[in-house]
S.K.: 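First the structure, then my questions, so here it is.
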Amino acid sequence: MGIPNLLRFMKPFIEPVHIKKYAGQRVGIDAYSWLHKGAYSCSMELCMSPKSAGARRYISYFMHHVNLLRHHKVVPVVVFDGGSMPCKSATDEDRHKKRELSLVLGKEKLEQGNTAAAIDLFRKAVQITPSMAYQLIQILKTEKVEFVVAPYEADAQLAYLATLDADQGGIAAVITEDSDLIAYGCTAIIFKMDRFGNGEEFIMEKTLETVKDGLCFQDFDQNLFTGMCILAGCDFLPSVPGIGTKRAYSLISKHKNIDLVLSTLKLDKRYSVPDDYIDSFWKTLAVFNHARVYDVKSKSLKHLKPLEERYLNYLAGDLDILGPALAPSMAKAIAEGRLNPVTMETFDEFSRTISPIELIDTSALNVANQHGSQEILTQESSITICSSEESRDDSIAFAADEITSGEQRCNKGVLALGKFLPQKHSSPAVECKEVKPKNTPDNNPFKKRKLPTDQESLDRNGVSAGLCWPLTQESVASIPNERSSKRQSQQEAFRNKTNKNKDERSGLLKFFMRL
DNA sequence: CCGGATGCCTCCT
DNA sequence: GGCATCCGG
């Protein structure tokens with residue numbers, strides 16, 4: 001849901017822009033926003049006959065926008081969400097249930113012959129599945145459009161790419177609908193881009209130095225800015241009741257210090273601050289600062305902003321709030337769209353019934369040919385993820401999940417795959433079919449804090465509760481050594497938890513050692 | 001004035 | 001996901 005009202009609040013710093021401003025540059029695309037809008041045009045088909053040609057109109061929509069960018073000599077870099085996408089938070093759970101209800105009601109209406117009402121309900125039932133993303137990826141590959149599947153949040157991946165130079169695979173701006181990009185400190189964002197290339201632009205640097213409409217961020221650094229966003233409420237942590245963007249801004253603006261803001265808030269009798277709020281706040285800030293992203297160069301996971309080794313050790317047992325680490329082979333497979341980041345399944349080739357070329361309509365192809373893949377290829381992008389060498393990937397596909405099969409991906413199983421996965425290949429090959437991922441890892445435990453419905457997640461929260469936060473600038477400088485024994489036991493607990501899932505994992509391990 | 005809850009819209013014609 | 005609107009503190 002992003003940060004409620006943040007865009008409206010930031011309106012004075014958002015200006016009209018046309019995409020041609022970025023001619024000759026690389027621009028990142030939050031795939032979810034175009035997928036969702038595109039799906040709206042074929043919601044009924046997606047609900048009733050997901051494998052029909054009509055159900056792929058969302059791909060035409062997407063490619064139209066891609067080709068619009070190419071037409072203006074902008075190089076698109078498409079970024080998909082990775083783990084934990086379908087079961088993000090409690091509110092997502094609610095939405096999911098509402099969508100399922102709409103689907104059922106829609107089918108009823110259709111049977112009754114009330115098409116108009118049915119269409120209305122199907123629109124409310126639209127969901128973006130990994131399968132849809134996978135099908136789009138096949139087209140992006142044939143069209144030589146660069147893409148990457150983020151290990152977790154696409155937003156974090158986009159913010160990371162925005163920090164890199166173009167020759168390192170970086171992007172000059174991000175196209176999205178999601179205000180979270182602001183919280184991640186993304187340098188340049190284009191919101192609400194329409195099919196003609198008009199949008200609204202947010203530039204972080206400009207915002208931090210301009211005074212407008214009584215708003216002034218001149219004394220804000222990135223942490224204060226992100227802190228303001230977290231206070232106003234975000235997907236990871238709901239705001240203290242009564243606090244929205246304006247009060248968040250006032251508080252940060254007044255104290256210019258997060259510790260002070262939090263302690264002031266805690267003492268203020270007008271608000272009831274949950275006991276674990278301050279703790280959670282710092283964790284959330286750590287997620288926005290150090291989220292796991294995929295580094296194309298090293299083909300492994302990195303942190304959005306570097307997390308120094310000593311902090312890594314310090315946080316050892318608690319790093320799962322960033323989502324489990326993934327072995328490079330796995331991170332790579334996810335990033336390249338070969339592995340379903342939610343279920344961790346690869347697939348069987350039989351699940352894919354349509355060849356990529358059949359998925360795209362001819363009009364899209366014509367436009368593509370006009371503006372040409374050629375020029376895109378000649379653009380220097382030393383890091384093109386989807387290279388032709390991977391044509392073998394065409395035989396692999398996401399399991400063709402129906403639009404209705406949400407809950408199987410919303411797995412309550414707790415499994416930290418992460419740092420205990422082997423980093424080297426060494427073992428005999430194992431058939432894909434032996435990969436048994438039914439009990440899939442829950443990718444972002446921190447988010448699950450919002451819905452601690454099962455005992456395991458409660459246990460885990462119990463474990464995290466005793467950890468060594470916060471990571472304020474002050475406290476980071478003086479990490480206490482005396483906590484080492486505590487840390488040790490936490491690590492041990494973590495290890496035990498991981499071992500418990502060893503068997504479930506072994507199939508996966510064997511498979512990935514082969515990669 | 002401020003924040004929160006609610007309900008409608010995103011496609012394309 | 002956003003946005004407009006109305007309502008309650």
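Given the structure is predicted, the values throughout are model-derived calculations rather than measurements.
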S.K.: Answer yes or no: side-chain N or O of A:Arg123 and base N or O of B:dC9 forming a donor-acceptor pair under 3.5 Å.
M.R.: no
S.K.: Expressed as a whole number of angstroms, how long is the span from A:Trp34:CH2 to B:dT10:C1'?
M.R.: 15 Å
S.K.: Among the nucleotides B:dC11, B:dG3, B:dG4, which one has an atom lying closest to any side-chain atom of A:Ser239?
M.R.: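 So the side chain of A:Ser239 is nearest to B:dG4.
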S.K.: Rounded to whole angstrom units, what separation is found between the CE atom of A:Met193 and the C1' atom of C:dG2?
M.R.: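 In whole Å, C:dG2 C1' and A:Met193 CE are 17 Å from each other.
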S.K.: With a 6.0 Å cut-off (strictly less than), is the heavy-atom count around CD of A:Glu205, excluding the residue itself, greater than 12?
M.R.: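 Open: at most 12 neighbouring heavy atoms sit under 6.0 Å from CD of A:Glu205.
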S.K.: Rounding to a whole Å, what distance do you find between A:Phe9:CZ and C:dC3:P?
M.R.: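 Those two atoms, CZ and P, are 15 Å apart.
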S.K.: Go through C:dG2, B:dC9, B:dC2 for me and flag the one nearest to the A:Lys246 side chain.
M.R.: B:dC2
S.K.: Considering heavy-atom distances to DNA chain B, does A:Val240 or A:Arg195 have its closest nucleotide positioned more toward the 5' end?
M.R.: A:Val240
S.K.: C:dG2 P sits how many Å from A:Phe191 CZ, rounded?
M.R.: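 Atom CZ in A:Phe191 sits about 8 Å away from atom P in C:dG2.
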S.K.: Using whole Å, report how far CD1 of A:Ile128 lies from C1' of B:dC11.
M.R.: 12 Å
S.K.: What nucleotide, of C:dT5, B:dG3, B:dC9, holds the atom closest to the side chain of A:Tyr40?
M.R.: B:dC9
S.K.: Check the distance between B:dC11's C1' and A:Phe122's CZ and give it to me in whole angstrom.
M.R.: 16 Å
S.K.: What is the ring orientation for A:Tyr249 with A:Phe220, classed by angle as parallel under 30°, tilted 30 to 60°, or perpendicular over 60°?
M.R.: parallel
S.K.: Both A:His36 and A:Arg8 contact DNA chain C. Which one's nearest nucleotide lies toward the 5' end?
M.R.: A:His36
S.K.: Can a donor-acceptor pair be found between the side chains of A:Glu45 and A:Tyr58 at a distance below 3.5 Å?
M.R.: no
S.K.: Whether the A:Asp178 and A:Tyr32 side chains hold a donor-acceptor pair (N or O, under 3.5 Å, no angle test) is what I'd like checked.
M.R.: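 No, no side-chain donor-acceptor contact under 3.5 Å.
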S.K.: A:Tyr58 has an atom OH; how far is it from atom P of B:dC12, in whole Å?
M.R.: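 Distance, rounded to whole Å: 16 Å.
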S.K.: Ignoring hydrogens and geometry beyond distance, is a side-chain donor-acceptor pair present between A:Thr142 and A:Gln138 at under 3.5 Å?
M.R.: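 No, A:Gln138 and A:Thr142 have no side-chain donor paired with an acceptor closer than 3.5 Å.
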S.K.: Determine: side-chain N/O of A:Lys192 to OP1/OP2 of C:dC3, distance under 4.0 Å, yes or no.
M.R.: yes
S.K.: Within this structure, what is the OH-to-P distance between A:Tyr61 and B:dT13, rounded to whole angstrom?
M.R.: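 That distance rounds to 13 Å.
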S.K.: Nearest-nucleotide wise, let me know which of A:Gly38 and A:Asn5 is further upstream toward the 5' end of DNA chain B.
M.R.: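 On the 5' side of the pair lies A:Asn5.
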S.K.: Which nucleotide sits closest to the side chain of A:Lys37: B:dC2, B:dC11, C:dG2?
M.R.: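 The answer is B:dC11, which lies nearest to the side chain.
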S.K.: At less than 4.0 Å, is any side-chain N or O atom of A:Ser179 found next to OP1 or OP2 of C:dG1? Yes or no.
M.R.: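 No, because none of the side-chain N or O atoms of A:Ser179 sits under 4.0 Å from OP1 or OP2 of C:dG1.
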